Each structure stands twice: as C-alpha cells, then as structure tokens.
Amino acid sequence: MDILEAIKERRSVRNFDGNSLSENSRKILLNIVEHSTSPFGGSVTIRLKKFDIKDGYKPSTYDMIKGATDFFMLGIGNDEASSLTAGFRFEQVVLKAWQLGLGTCWIAATFKGSTFEDGNIWPEGEKLRVICPVGTAAKQSLMEKVTRLSLGSKKRRPFTELFYDRDFEHPLSPKNRFGLALEMMRLAPSSTNSQPWRAVVADDTVHFYYKPQSKSSVLDCGIGICHFHETEKYQSHNGKFFKATYPPVSHESWKYIYSYKSN
Ligand SMILES: Cc1cc2nc3c(=O)[nH]c(=O)nc-3n(C[C@H](O)[C@H](O)[C@H](O)COP(=O)(O)O)c2cc1C
C-alpha cells in the first residue's frame with residue numbers, strides 16, 4: 001500500500017482485538033518514531049508502552065477505546081512549534097501503522113492522564129498531551145459507529161472552502177500544481193473532525209493558516225501538513241518550509257502558521 005492509499009483509507013480505530021503488537025511491528029514503529037523528523041522545531045517525545053491489562057491495571061480512555069494493550073504516549077511542549085511538530089511527526093507513525101495493517105486513534109481529550117503516566121518523567125517543559133492506541137482493529141462496535149456518526153468522521157469540508165488562489169476570495173482549482181498535496185491534507189484527521197487547516201497558494205508558494213477551533217488546532221495543522229508533505233515527497237517534489245516575514249494577510253480570523261516553497 002503506498003502512502004496515498006494509506007492517507008485515503010485510514011480511519012480512526014476505537015475497537016481492537018485484544019492482542020499485543022508483534023515484536024516485528026513494534027520494531028518497525030519504533031524505527032519510524034526514531035527517524036521521523038520535523039522542520040518546525042519544538043520539544044516532543046514519543047513513547048510506546050504495553051499495558052498489562054490482565055494485572056487489573058487499566059489505562060482509562062473513559063471507555064472510548066476497547067481491547068487495546070499498546071499505546072503511544074506523546075510528551076509535548078507548551079508552544080506552537082511543539083504542537084506542529086507533534087502532529088507532523090506522529091502522523092508519519094499513524095500512516096505507517098495503517099500500511100502495516102494496524103489501527104490507531106489520536107486521543108487528546110478522552111483519556112485520564114494519571115492512569116497512563118505510571119511514574120513517567122518527561123523532558124523539561126513537556127507534558128503528556130496525547131495518547132494513541134495501536135493494534136489490530138476488531139469489528140466496529142455500536143459505540144464506535146455512534147461516535148463516528150456524531151463526529152461526522154467520514155465527512156470533510158469541500159476543497160474549495162479550504163484552499164484559495166492568492167487572495168482568500170478565489171477558491172483554488174484542484175488542478176493547481178499543489179492540488180494533490182492539498183487534497184491529501186483535506187483528508188487528514190483532526191480533533192472532533194474540526195479541519196482547521198486553510199491555505200493560500202501564490203505561484204510556487206503555499207501559505208498555511210488555521211482557523212482556531214480548539215486547543216488542538218495547531219496540532220491538527222501539523223497532521224494536515226504531514227499529509228501535504230508526504231504527498232509532495234511521493235511526487236518527488238522537494239520544497240522547503242519557512243516562516244514568511246509578510247505572509248498574505250487573511251481577511252477572516254485565520255492565523256498564519258507556516259509557508260512552503262516548491263523547488
Ligand atoms: C489531535 C486529535 C485529537 C483527537 N482526540 C480524540 C479524543 O480525545 N477522543 C476520540 O474519541 N477521538 C479523538 N480524535 C479522533 C477524531 O475524532 C477523528 O480523527 C475525526 O473524527 C476524523 O475521523 P477519522 O480519523 O476516522 O478520519 C482526535 C483526533 C486528533 C487528530
């Protein structure tokens with residue numbers, strides 16, 4: 001399965017078959033964690049932990065997640081760069097997991113941190129902000145179906161509502177040079193499916209913005225930009241991310257976040 005197929009097919013999995021990860025899958029995922037990079041800086045630590053649920057010790061996701069024994073835990077600094085990097089780096093792991101036939105679900109709200117921490121110490125400035133189960137999906141439970149339905153998880157906003165040509169007034173054509181990468185960004189997961197990412201294309205540059213919706217909006221942008229970048233790499237485009245000194249000024253309450261210039 002190539003990366004575009006993984007992006008198109010991935011969905012959040014909340015019901016797992018109860019089995020632990022194989023040693024091989026664990027090794028591959030930890031290797032991706034180690035080699036995942038980000039151009040945004042910040043401070044992020046990604047750990048993978050197996051919980052022995054038979055011992056009676058149960059990490060709490062308020063019953064949102066069933067049958068998972070392996071969880072990623074993300075220590076994330078309290079600044080924009082760290083949130084962007086967490087989204088950008090960990091989504092590389094999520095996509096790889098899907099390619100290996102494993103399900104995941106980003107969890108930033110519905111978990112009880114103290115039941116995961118277990119004496120964990122994070123580098124200075126980082127806190128456990130996200131956990132993510134990983135394992136083989138079981139048949140979708142009724143609860144999972146209801147959750148997905150209430151979040152509208154299958155739906156995404158139309159391309160022309162998110163991406164603009166130069167001036168925030170003219171919607172971008174999906175046939176634009178960046179059309180495929182932005183389409184893959186559109187399909188990314190986000191907290192409560194809020195899809196905060198926006199972009200303006202000016203010639204060979206994409207300026208990324210976000211519409212603040214929740215505490216996780218910048219993290220969500222990191223995830224969307226990861227999809228964008230994976231698609232650029234897939235097409236053998238090798239652009240550069242940078243902070244523009246004078247990005248186009250948006251007319252709405254969108255916040256500028258980063259730019260990408262094609263080589
Ligand atoms: C940063 C982030 C935080 C999330 N937090 C939660 C959460 O706390 N609980 C939960 O059940 N789902 C959570 N989700 C999953 C989203 O609800 C899901 O990605 C969205 O509805 C789109 O569905 P999909 O992932 O199946 O495409 C989170 C997703 C992201 C990206």
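Start at 1 and go down the list; that is how both ligands and their atoms are numbered. Note that the structure is a prediction, hence the values are computed from the model and not measured.
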Report summary line: Sorted by chain and residue number, the side chain to side chain contact (heavy atoms under 4.5 Å, CB included) partners of Gln235 (sequence neighbours excluded) come out as Leu180, Thr231, Glu232, His237

Query raised in the report: Under 6.0 Å between the ring centres of Phe178 and Phe163?
Result: no

Query raised in the report: Residues in salt bridge (Lys or Arg N to Asp or Glu O under 4.0 Å) with Arg47, at least two apart?
Result: none

Query raised in the report: Can you find a pair of side-chain heavy atoms, one from Glu230 and one from Met184, that are under 4.5 Å apart?
Result: no

Requested in this report: Would you mind reporting whether Lys255 and Glu80 have side-chain heavy atoms less than 4.5 Å apart?
Outcome: no

Can you give the donor-acceptor pairs under 3.5 Å from side chains of residues 94-109 to other protein atoms, not counting sequence neighbours?
from   : atom 1 : to    : atom 2 : distance (Å)
Gln99  : NE2    : Met1  : O      : 3.0
Trp106 : NE1    : Glu91 : OE1    : 2.9

Using a 3.5 Å cut-off on N/O to N/O, what pairs does ligand 1 make with the protein? A line per pair would be great.
from     : atom 1 : to     : atom 2 : distance (Å)
ligand 1 : 5 (N)  : Trp106 : O      : 3.3
ligand 1 : 5 (N)  : Ala108 : N      : 3.0
ligand 1 : 8 (O)  : Ala108 : N      : 3.3
ligand 1 : 8 (O)  : Ala109 : N      : 2.8
ligand 1 : 8 (O)  : Thr110 : N      : 2.9
ligand 1 : 8 (O)  : Thr110 : OG1    : 3.3
ligand 1 : 9 (N)  : Thr110 : OG1    : 2.8
ligand 1 : 11 (O) : Arg14  : NE     : 3.0
ligand 1 : 11 (O) : Arg14  : NH2    : 3.3
ligand 1 : 12 (N) : Arg14  : NH2    : 3.0
ligand 1 : 14 (N) : Trp106 : O      : 3.0
ligand 1 : 17 (O) : Arg14  : NH2    : 3.4
ligand 1 : 19 (O) : Ser12  : OG     : 3.4
ligand 1 : 21 (O) : Ser153 : OG     : 2.8
ligand 1 : 23 (O) : Ser153 : OG     : 3.4
ligand 1 : 25 (O) : Arg10  : NH1    : 2.9
ligand 1 : 25 (O) : Arg10  : NH2    : 3.2
ligand 1 : 25 (O) : Ser12  : N      : 3.4
ligand 1 : 25 (O) : Ser12  : OG     : 2.6
ligand 1 : 26 (O) : Ser12  : N      : 2.8
ligand 1 : 26 (O) : Arg148 : NH1    : 2.7
ligand 1 : 27 (O) : Arg10  : NH2    : 2.8
ligand 1 : 27 (O) : Arg156 : NH2    : 2.8

